[in-house]
Amino acid sequence: MSDLSTRAAARDTANADEEKSRGILYYLGMGISGGLFALVLLVGALVIIVPNLAGALPLTVLTSSMEPNLPPGTLIVVKPLETDAIVVGDVITYQIESGKAGVITHRVTGITNSSDGSRTFTLKGDNNDVADELQVLPVQVQGKLWYSVPWIGYVSNFVNGNAKSWLIPVIAIGLFVYAGFMIASGIISGARKRKRRRARAQREAERAASIAAATEADAVEPADNRVRFD
């Protein structure tokens, strides 16, 4: 009986260790997958959704003029504002020439108020030794720096460039595939767990039956072999 119990206990311990190992790997994989999924959603929100909802402009820093705070590759989101609200120290984006595409994002270092009520702004890059050559007019101002995200500016360029026509559908399909995979994995994992529980219950029942049978055999009264003399 002792030998049967020892073997059964060792087998159950091995099965429990195997299930625990599988559980750790499974949940570790789920955690990594969930983290990557959340990261993709966060980047998508910061690059596309939030700027669109707020009417803001996502841009990519291409030069080192605003280092160390805004190094090349940083995504900046510029939000429109009234030029009267601009103060010294603000980081704003302005058109190099009014009505043309080229823009610069620098810090306001001076504001000049004219007698006619108009304002002009002096700007300088944090990493530059001298201020920008020309004064900036209010009509040139595109907005004020709202927030920045390091490293993903080039991703923003890629998403908003020629790849946008096919990248967004691909991402959408990928998200649907991922969701389907997670659902299928959950169903399969649940089925495996139920199967393991049934197998474990069956093993425990067999072990209990074996122990009961061995106990019953040990409990049988031995035959009386004594010699009797009448």
Using 0.5 Å steps for rounding, measure from the [atom1] atom of [X] to the [atom2] atom of [Y].
X      : Y      : atom1 : atom2 : value
Leu46  : Ser148 : CG    : OG    : 10.5 Å
Ile104 : Leu134 : CD1   : CG    : 9.5 Å
Arg203 : Arg207 : CZ    : CZ    : 10.0 Å
Arg200 : Arg197 : CZ    : CZ    : 7.5 Å
Asn127 : Leu70  : CG    : CG    : 11.0 Å

Just do the side chain to side chain contact (heavy atoms under 4.5 Å, CB included) check on Thr112 and Phe121 with the steps written out, would you?
CA-CA 6 Å; Thr112 302; Phe121 306 97; over 6 Å; no

Closest heavy-atom contact between Pro51 and Ala45?
CD-O, 3.7 Å

Looking at Leu123 and Ile92, what are the two nearest heavy atoms and their distance?
CD2-CG1, 3.3 Å

May I have the list of side-chain donor-acceptor pairs in residues 62-69 shorter than 3.5 Å, sequence neighbours left out?
residue: Thr63; atom: OG1; partner: Ser65; partner atom: OG; Å: 3.3
residue: Ser65; atom: OG; partner: His106; partner atom: NE2; Å: 3.0

Do any N or O atoms from the side chain of [X] and from the backbone of [Y] form a donor-acceptor pair under 3.5 angstrom?
X      : Y      : value
Asp116 : Ser118 : yes
Lys195 : Ala199 : no
Arg107 : Gly89  : yes

Flag yes if [X] and [Y] sit in one hydrophobic cluster, no otherwise; membership is Ile, Leu, Val, Met, Phe, Trp, Tyr, and two members link when side-chain heavy atoms are under 4.5 Å apart.
X      : Y      : result
Tyr94  : Leu59  : no
Tyr147 : Ile152 : yes
Val103 : Val108 : no

Using distance only, find each side-chain donor-acceptor pair of residues 135-144 under 3.5 Å and give its atom names and separation, not counting sequence neighbours.
residue: Gln135; atom: OE1; partner: Thr120; partner atom: OG1; Å: 3.2
residue: Gln135; atom: OE1; partner: Thr122; partner atom: OG1; Å: 3.3
residue: Gln135; atom: NE2; partner: Thr122; partner atom: OG1; Å: 2.7
residue: Gln140; atom: OE1; partner: Leu137; partner atom: N; Å: 2.9
residue: Gln140; atom: NE2; partner: Gln95; partner atom: O; Å: 2.7
residue: Gln140; atom: NE2; partner: Ile96; partner atom: O; Å: 3.4
residue: Lys144; atom: NZ; partner: Asp90; partner atom: OD1; Å: 3.4

Distance-only criterion, 3.5 Å: show the donor-acceptor pairs between side-chain atoms of residues 74-87 and protein atoms not counting sequence neighbours.
residue: Thr74; atom: OG1; partner: Pro71; partner atom: O; Å: 2.7

